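To keep things clear, I will list the structure first and then write my remarks on it.
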Amino acid sequence: MNSGLWTAVDTYFEDMLIGGDPVMQAVLDANRAAGLRPIDVSPTQGKFLDLMVRISGARRILEIGTLGGYSTLWMARAMPADGLIVTLEYEPAHAEVARGNFARAGFADRIELRVGKAADSLAGLAREGQGAFDLVFIDADKASNPVYIDWAVKLGRSGTVVICDNVVRGGAVADRTSRDADIVGSRQAIAAFGDKSRFEATALQTVGSKDYDGFAIAVVK
Ligand code: SAH
Ligand code: DHB
Ligand code: MG
């Protein structure tokens, strides 16, 4: 492990590829001032989400796990002007910080934040007939990842992009004996994405300022 070097390379990439970004820095400052845990995606990972939205042309985006809305705003800025993000958060205190960040960034009208257990909010979206999400970013309680992947398919369509965060966790995902609910959930997510009748999928290990982790990425068949 060489996290000092990983961070130095991330800083270099941020300087060269992202540069000063007052909007996103204001989000991180507000999150810190509110005492949120700094577990948002990193800037280079945020830009990766931005590019996924642009490459897929996603207009309707579903996010599970808002925190302060840092990843939400990376995706919101990348979608077309008529795009919409529905983002789901359990903790009212996190939701309040996120709402402030959405308003300051000028996206309050294009981001719908639903507070409650994501499983309940997802059932509500289905009842309302809200569907055909083009891209789903799963980043909440990792134990529920397989449940969220099933919802992503139900609320998606053939071609929907599903991205699942934190599937590596320092390499723990390869431990078939793990009893950690988060690791078990991420292993179930990988197993679900491995069903070739439902998905085209891969998973990528990442290092950087957020240490050693990774994303799983799938397209619904
Ligand atoms: N996507 C954010 C980080 C999310 S951190 C970013 O990168 O900026 C995970 C979030 O999921 C936390 O805010 C946590 O409160 C929320 N969460 C945990 N369990 C949840 C559940 N059952 N339903 C909805 N949100 C949940
Ligand atoms: C944690 C959650 C995340 O979504 C993340 O990106 C990093 C850490 C956590 O719960 O520890
Ligand atoms: Mg995460």
Side-chain angles (χ1 to χ4, degrees), residues 3 6 10 21 23-32 34-50 52-53 61-78 85-102 105 107 111-125 135-152 155 162-173 180-186 189 203-217:
S3 61
W6 301 342
D10 244 356
D21 192 331
V23 173
M24 298 315 291
Q25 190 54 50
V27 174
L28 294 180
D29 291 347
N31 291 359
R32 194 178 50 229
L36 298 191
R37 285 173 66 212
I39 56 172
D40 2 59
V41 293
S42 70
T44 53
Q45 291 168 346
K47 188 67 203 184
F48 168 78
L49 293 174
D50 167 310
M52 287 291 116
V53 170
I61 297 170
L62 174 63
E63 178 179 64
I64 306 172
T66 316
L67 191 66
Y70 183 74
S71 53
T72 325
L73 280 167
W74 270 110
M75 294 189 288
R77 295 196 310 178
I85 301 191
V86 177
T87 185
L88 312 179
E89 173 55 51
Y90 178 65
E91 293 288 345
H94 298 182
E96 192 186 319
V97 176
R99 281 191 213 286
N101 286 330
F102 299 156
F107 278 92
I111 300 172
E112 185 188 324
L113 172 54
R114 295 191 177 202
V115 182
K117 286 186 186 164
D120 298 338
S121 299
L122 290 160
L125 288 169
L135 185 145
V136 183
F137 179 49
I138 300 174
D139 191 20
D141 51 320
K142 314 308 171 192
S144 301
N145 276 345
V147 174
Y148 299 151
I149 288 171
D150 284 345
W151 277 114
L155 295 170
V162 185
I163 303 171
C164 192
D165 195 21
N166 310 114
V167 296
V168 175
R169 281 295 172 86
V173 73
D180 180 318
D182 292 347
I183 302 304
V184 171
S186 288
L204 295 173
Q205 306 182 62
T206 58
V207 295
S209 58
K210 298 278 164 155
D211 291 324
Y212 171 33
D213 214 321
F215 294 105
I217 309 169

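Computed from a predicted structure; not experimentally measured. Side chains are part of it too, since the values below use all heavy atoms of this structure and drop only hydrogens, waters and symmetry mates. In each ligand, atom 1 is the first atom listed, and ligand 1 is the first ligand listed.
- Pairs engaging residues 207-217 under the salt bridge (charged side-chain N to carboxylate O under 4.0 Å, His left out) rule: D40-K210, R169-D213 [sequence neighbours left out].
- A donor-acceptor pair under 3.5 Å is absent between the side-chain atoms of S144 and the main chain of V147, judged by distance alone.
- If you check each of R37, M75, E89 against atom 15 (O) of ligand 1, the one with the closest non-hydrogen atom is E89.
- At distances below 3.5 Å, at least one donor-acceptor pair connects side-chain atoms of D10 with backbone N or O atoms of S209.
- A search for side chain to side chain donor-acceptor pair (under 3.5 Å) contacts involving T206 returns nothing, not counting sequence neighbours.
- When atom types are taken as modelled, the side chain of E89 and the backbone of L67 share a donor-acceptor pair closer than 3.5 angstrom.
- Summarising the geometry of A30 relative to N101, their closest heavy-atom pair is CB-OD1, 3.3 Å, with the distance given to 0.1 Å.
- The Mg ion (ligand 3) has D139 among its coordinating residues (N/O/S atom, backbone or side chain, under 2.8 Å).
- Among protein heavy atoms, atom 17 (N) of ligand 1 sits closest to A140 CB, 4.0 Å.
- When each atom of ligand 1 is checked for a heavy atom of D139 under 4.0 Å away, the hits are 1 (N), 2 (C), 3 (C), 4 (C), 5 (S), 6 (C), 7 (O), 9 (C), 10 (C), 11 (O).
- Counting all heavy atoms, side chain and backbone alike, N145 lies closest to A189 at CB-CB, 3.9 Å.
- At under 3.5 Å, not a single nitrogen or oxygen of K117, backbone or side chain, sits near a nitrogen or oxygen of ligand 1.
- Closest protein heavy atom to atom 25 (N) of ligand 1: Y90 N, 3.1 Å.
- Near G116, meaning under 4.0 Å from any of its heavy atoms, are these atoms of ligand 1: 23 (N), 24 (C).
- Every residue two or more places apart in sequence or in another chain that forms a salt bridge (Lys or Arg N to Asp or Glu O under 4.0 Å) with D150 is listed here: R198.
- In this structure, the protein non-hydrogen atom closest to atom 7 (O) of ligand 1 is V41 N, 2.9 Å.
- Among G68, S71, P38, S121, the residue whose heavy atom lies nearest to atom 2 (C) of ligand 1 is S71.
- Residue-ligand proximity, H94 to ligand 1, at heavy-atom distances under 4.0 Å covers atoms 12 (C), 13 (O), 15 (O).
- The Mg ion (ligand 3) lies at 2.8 Å or more from every N, O or S atom belonging to S71.
- For the Mg ion (ligand 3), the N/O/S atoms of D165 include one lying under 2.8 Å.
- Test D165, L62, I149 against I138 for side chain to side chain contact (heavy atoms under 4.5 Å, CB included) and you get one pass: I149.
- With hydrogens and angles disregarded, a donor-acceptor distance shorter than 3.5 Å links the side chain of D180 to the backbone of D182.
- For ligand 2, the 4.0 Å heavy-atom shell takes in R37, I39, D139, K142, D165, N166, R169, ordered by chain and residue number.
- Considering backbone and side-chain atoms together, G65 places an N or O closer than 3.5 Å to an N or O of ligand 1.
- Residue contacts with ligand 1, taken as heavy atom pairs separated by less than 4.0 Å, do not involve W74 at all.
- In this structure, S144 has no heavy atom closer than 4.0 Å to ligand 1.
- Counting heavy atoms closer than 4.0 Å to ligand 1, residue T66 contributes backbone atoms (N, CA, C, O) but none from C-beta onward.
- Tested against T72, the residues T66, D139, L49 include a single side chain to side chain contact (heavy atoms under 4.5 Å, CB included) partner, T66.
- Under 4.0 Å is where a charged nitrogen must lie from a carboxylate oxygen, and between K47 and D21 no such pair does.
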